[in-house]
2 protein chains.
Amino acid sequence: MSAPRWKKALERALDANKKSVVYSFATVDLSVQPPQPRTRTVVHRGFVEPKGASHPLLLTTTDIRAAKVHELNGDANAELAWWIEGTQEQWRLASRAYIVPHPEHAEQVKIPQALFDIADGHFWEKERERIFNSLSGHMRASWARPAPGSPIPSYDEGKKWPEKLGGLGEGKNEEEEQVIRKAFENFALVVLQPFAVDYVELGVVPNQRTKFTQAGETWKEVIVVP
Amino acid sequence: MSAPRWKKALERALDANKKSVVYSFATVDLSVQPPQPRTRTVVHRGFVEPKGASHPLLLTTTDIRAAKVHELNGDANAELAWWIEGTQEQWRLASRAYIVPHPEHAEQVKIPQALFDIADGHFWEKERERIFNSLSGHMRASWARPAPGSPIPSYDEGKKWPEKLGGLGEGKNEEEEQVIRKAFENFALVVLQPFAVDYVELGVVPNQRTKFTQAGETWKEVIVVP
């Protein structure tokens with residue numbers, strides 16, 4: 001299947017705007033009434049199209065202990081808003097969002113079987129390892145801290161935590177290797193499967209806006225007022 | 001009342017990063033089951049502290065016909081995520097979000113009486129007019145278009161819409177003045193009243209994170225793991 005038109009346009013925009021690597025990631029906290037909106041900034045870790053997946057997927061990462069994991073376990077719907085400053089484009093991607101955790105945490109997290117079955121279930125754990133090893137030492141060290149959001153007595157507490165960590169197998173000794181494995185255990189992928197894309201082009205006159213909606217194996221495209 | 005510490009820190013960050021003028025604005029669409037997350041990028045239009053308001057307010061703008069207005073009428077909770085690239089800070093502001101429409105639309109929109117009573121109800125309409133007149137002609141023209149998100153036959157349709165509009169009273173003739181008044185009628189303020197602020201500083205080592213929670217007239221501050 002060839003890539004949908006929105007994906008080609010988004011890739012072109014990202015190629016032309018190398019600094020536009022973050023987007024906001026919104027979820028709903030259904031554990032409170034009324035349900036509350038939550039959003040945070042995350043880093044785009046690339047597209048992935050594993051054999052057997054019918055649509056493009058986006059990747060970002062999380063700490064398995066982060067609030068967004070609980071929110072996505074409540075309901076897997078998320079929306080991304082990506083502002084591309086250089087070309088004045090706004091991308092909104094309504095997506096299903098799935099967590100790919102360390103196998104240790106597989107029981108805590110709901111992942112649809114169809115997604116995990118891709119590449120006989122081996123694809124995702126390899127991908128998780130590849131991305132963990134490709135990130136900065138500072139990022140890796142962040143997953144070896146106590147649970148994000150938990151109270152500490154002062155900012156100085158942070159001096160007790162590792163500042164950088166090597167990739168898997170790069171620990172200087174067994175003690176450091178254990179810390180790396182702990183970080184790798186807390187590290188999870190977030191796999192995003194867009195089902196509706198809203199593309200606004202404010203850099204052209206007149207402004208343009210196009211809505212793409214997944215319809216089975218293809219995408220329906222509608223031109224709308226920006 | 002002196003400004004809360006988070007507001008001083010946010011203003012300092014914005015002063016040091018003049019380009020960081022946009023944030024993402026998340027709401028929940030309660031009209032579907034399960035409720036869906038929605039988020040988009042908006043432009044910060046400044047802080048405002050009208051006489052009688054007990055806490056800092058932020059302003060942004062919207063078209064009264066936009067989906068976010070309906071979402072906020074369902075529930076006024078919003079969350080903002082503001083990524084400040086230059087100093088690697090993330091601000092998340094859980095907020096109540098209120099629409100200040102043209103008086104023509106006052107019946108369509110729920111606004112808490114206490115907020116509207118500030119400055120005897122005159123403050124907000126003056127503020128709405130001040131901001132409308134201060135924006136670019138391109139922005140003003142955007143509110144004179146057909147309803148945002150409505151389908152059109154082709155991008156060429158946009159050539160029928162005004163490209164720029166003057167402020168109120170700046171129309172070249174009565175016809176143009178009517179178009180300006182129409183844009184002003186569709187234009188609305190969004191007033192944001194934060195009640196919980198999550199401030200992550202990734203530009204310092206060790207990273208720091210502080211949560212501020214409104215507690216009556218003051219703010220409770222807790223240091224947490226980033």
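The chains referred to below are lettered A, B, ... by the order of the sequence lines, with proteins before strands, and numbering in each begins at 1.
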Original post:
Highest number of heavy-atom pairs under 4.5 Å with chain B: which of I223(A), D63(A), L202(A), V224(A)?
Top reply: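 Of I223(A), D63(A), L202(A), V224(A), I223(A) has the most heavy-atom pairs under 4.5 Å with chain B.
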**OP:** Between chain B and each of D75(A), T41(A), V204(A), T39(A), count heavy-atom pairs under 4.5 Å; write down the option with the most.
**Re:**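 Top option by heavy-atom pairs under 4.5 Å: T39(A).
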Subject >> Audit row: T210(A), Y155(B), side-chain contact (heavy atoms from CB on, under 4.5 Å) steps and yes/no >> reply: CA-CA 9 Å; T210(A) 317; Y155(B) 298 122; 2.5 Å; yes
Contact part of [X] toward chain A, heavy-atom cut-off under 4.5 Å: side chain, backbone, both or neither?
X      : value
P37(B) : both
R92(B) : side chain
N77(B) : both

Original post:
Taking only heavy atoms into account, what residues of residues 7-20 of chain B are found under 4.5 Å from chain A?
Top reply: none
Subject >> Neighbours of chain B found in residues 21-30 of chain A - heavy atoms under 4.5 Å >> reply: V22(A), S24(A), A26(A), T27(A), V28(A), L30(A)
Identify each donor-acceptor pair in which a side-chain atom of residues 142-149 of chain A lies under 3.5 Å from a protein atom, sequence neighbours left out, and give them as a table.
unit_1  : atom_1 : unit_2  : atom_2 : d
S142(A) : OG     : M139(A) : O      : 2.6
R145(A) : NH2    : N207(B) : OD1    : 2.7

**OP:** Nearest 0.5 Å please: distance from the CG atom of D156(A) over to the CD atom of Q208(B).
**Re:** 8.5 Å
**OP:** Considering only heavy atoms and a distance below 4.5 Å, find which of S150(B), G158(B), P34(B), P151(B) pairs most often with chain A.
**Re:**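 The answer is S150(B).
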Listing, residues 160-168 of chain A side-chain donor-acceptor contacts under 3.5 Å, not counting sequence neighbours, or none:
unit_1  : atom_1 : unit_2  : atom_2 : d
K160(A) : NZ     : E157(A) : OE1    : 3.3
K160(A) : NZ     : E157(A) : OE2    : 3.1

**OP:** Test side-chain contact (heavy atoms from CB on, under 4.5 Å) on Q36(A) and E79(B) and set out the steps.
**Re:** CA-CA 8 Å; Q36(A) 294 297 293; E79(B) 188 160 85; over 6 Å; no
